[in-house]
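Bear in mind that the values here come from a model prediction, so they are computed numbers and not experimental data.
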Amino acid sequence: MSWDLRRTIISFLCLFFKLHSFCNGEFEIKVPSAPLVAIHGHSTVLSCTFPVNGAFDLGSSVITWQRHLEVVHSFYHSRDQLDLQSRRYASRTSLYHSELERGNASLRLDRTTPEDAGEYTCAISTLTGSQKKSFPVKIAAFYTEPHLQVSTSPQSVELKLTSRGYPAPKVRWLDATGAELSNGTQTQLLTDTQGLYVVSSSLTQERGANSTLTFLLWNKDLHQEIRREFSLLAEAAIVLRDESRSALYALLPVAILTVLGILGIILFLKKSRCFPGPDSTATREENTSLKTAPQSSEQEQKLKNGATVLY
């Protein structure tokens, strides 16, 4: 069989069955080539497009989204078919129906959680061809601002930082030279009710010379880095602050008693002025009598001389 005849037969079969994806590779769906990172609690779009080539029949098209063996979303007979949809995805998925005729079969997934991570498959079948492709989806959450807790003892100081996010981060403690510290460090990972990680990392150091420490948290999927630096003062400075506080507490009762004593003296003096005693009254009357006595003698002298005194 000549080459020209073979090419004619193949072209005829391609035209008859419209198997463009098999014949010339024109039917090629496109999905993300790299893992898709979705933010926890937000909506994300799982991209999937297919060629239309000017001939698209919605009624004969089938679109299926799966996560491993779970049915995430199905569309055929010109409408969504959710009878076989996994209950985990109920009321959280939707297609862009107005975009289907343009070859857009992307799926919107709402309220993402860590359980949504995995490999997703987009399968499309139309009159012009059929194909399916898969790609991984990751769920991530930015770690929150670390909460610092300081604990001290006569021998050591402990720094403990707590943050919340996803996935599990890489945590390091560095000294002033940038060298990683391993002794005295401890990191613990717990899971909260939303499936996020609660990381607690602590560093215990003996009290002594001044030191500078750096806490590093790295979230690889979101390229998030949290860096916090701490300066620990020498033990002498810490003791000095403790002694000053103790001296203040010791002087406080003395200061209160002094103020109360001064207030008592002021009240006593005011009371003495407002309510004088019997002796003070007698003395005042005697002084008054002495002042009026000369006036009476003068009046008697005038009477003897025949002077008139008006009362």
Report task. Evaluate the side chain to side chain contact (heavy atoms under 4.5 Å, CB included) criterion for residues Phe27 and Thr126: first the C-alpha distance (whole Å), next the side-chain angles of each, then the deciding distance (0.1 Å), finally the verdict. Result -> CA-CA 10 Å; Phe27 193 87; Thr126 68; 3.4 Å; yes

Query raised in the report: Is the side chain of Ser156 donor-acceptor paired with the backbone N or O of Ser153 at a distance under 3.5 Å, no angle test?
Result: no

Query raised in the report: So, do Glu229 and Leu213 sit near enough that their side-chain heavy atoms are less than 4.5 Å apart?
Result: no

**Report entry** Under 3.5 Å donor-acceptor, Tyr143 side chain and Pro167 backbone
**Finding:** yes

Query raised in the report: Heavy atoms, side chains only, cut-off 4.5 Å: are Arg164 and Gln194 in contact?
Result: yes

Report summary line: Residues joined to Leu174 in its hydrophobic cluster, side chain to side chain under 4.5 Å directly or through other members, sorted by chain and number, are Leu216

Query raised in the report: Within a strict 4.5 Å, meaning less than it, do heavy atoms of the Thr191 and Leu196 side chains meet?
Result: no

Query raised in the report: Are Leu100 and Val62 co-members of a hydrophobic cluster defined by side-chain heavy atoms under 4.5 Å apart?
Result: no

Requested in this report: Please round to the nearest 0.5 Å and tell me the distance separating atom OG1 of Thr128 and atom CZ of Phe56.
Outcome: 9.0 Å

Requested in this report: With rounding to the nearest 0.5 Å, note down the distance linking CD in Glu115 to CD1 in Ile139.
Outcome: 10.5 Å

Query raised in the report: Between Leu46 and Val31, is there a shared hydrophobic cluster once you connect ILVMFWY residues whose side-chain heavy atoms come closer than 4.5 Å?
Result: yes

Requested in this report: Is it possible for you to say whether Phe230 and Val150 belong to one hydrophobic cluster, with membership spreading through side-chain heavy-atom contacts below 4.5 Å?
Outcome: yes

Query raised in the report: Donor-acceptor pair, Asn219 side chain versus His223 backbone, under 3.5 Å?
Result: no

**Report entry** Donor-acceptor pair between Thr49 and Asn104 side chains, under 3.5 angstrom
**Finding:** no

Query raised in the report: Do side-chain atoms of Thr162 reach the backbone of Ser200 as a donor and acceptor pair under 3.5 angstrom?
Result: no

Query raised in the report: Considering residues, nucleotides and ligands other than Asp192, do more than 12 of their heavy atoms fall under 6.0 Å from its CG?
Result: yes

Requested in this report: If you link ILVMFWY side chains whenever their heavy atoms are less than 4.5 Å apart, which other residues fall into the same cluster as Val37? By chain and number, please.
Outcome: Ile39, Phe142, Leu222

Report task. Could you state whether Val199 and Leu148 fall into the same hydrophobic cluster, counting links through intermediate Ile, Leu, Val, Met, Phe, Trp or Tyr residues with side-chain heavy atoms under 4.5 angstrom apart? Result -> yes

Query - For the student: nearest non-hydrogen atoms of Val171 and Ser201, plus distance - result: CG1-OG, 3.5 Å

Requested in this report: Could you check whether the rings of Phe135 and Trp65 sit parallel, tilted or perpendicular, using 30° and 60° as the cut-offs?
Outcome: perpendicular

Query raised in the report: Can you find a heavy atom in the side chain of Phe50 that is under 4.5 Å from one in the side chain of Lys30?
Result: no

Report summary line: Interatomic distance, CD@Gln85 vs CG@Asp80, rounded to 0.5 Å, equals 9.0 Å

Report summary line: Only one of Arg92, His40, Arg111 passes side chain to side chain contact (heavy atoms under 4.5 Å, CB included) with Asp116, and that residue is Arg92

Query raised in the report: Are the side chain of Lys133 and the backbone of Ile29 linked by a donor-acceptor contact shorter than 3.5 Å?
Result: yes

Query raised in the report: Nearest 0.5 Å, what's the OH-CG distance between Tyr76 and Leu58?
Result: 14.0 Å

Query raised in the report: Roughly how far, to the nearest 0.5 Å, is the CZ atom of Arg79 from the OG atom of Ser74?
Result: 11.5 Å

Report task. Kindly work out whether a path of hydrophobic side-chain contacts (I/L/V/M/F/W/Y, heavy atoms less than 4.5 Å apart) joins Leu161 to Leu232. Result -> yes

Query raised in the report: Say you draw a straight line from OG1 of Thr144 to CG of Leu217; how long is it, rounded to the nearest 0.5 Å?
Result: 9.0 Å

Report summary line: What one should report as the nearest heavy-atom pair of Arg207 and Val157 is CG-CG2, 3.6 Å

**Report entry** Gln205 and Ser211: side chain donor to acceptor below 3.5 Å
**Finding:** yes

Query - Closest non-hydrogen atom pair between Ala105 and Ile63, with its separation - result: CB-CD1, 3.9 Å

Query raised in the report: Any side-chain heavy atom of Tyr120 within less than 4.5 Å of one from Leu109?
Result: yes

Query raised in the report: Which class fits the ring pair Tyr197 and Tyr166: parallel under 30°, tilted 30 to 60°, perpendicular over 60°?
Result: parallel

Requested in this report: Examine distances only and state if a side-chain atom of Asp57 and a backbone atom of Leu127 form a donor-acceptor pair shorter than 3.5 Å.
Outcome: no

Query - Whether over 12 other heavy atoms sit under 6.0 Å from Leu260 CG - result: yes

Query - Main-chain N/O of Ala117 paired with Arg67 side-chain donor or acceptor, under 3.5 Å - result: yes

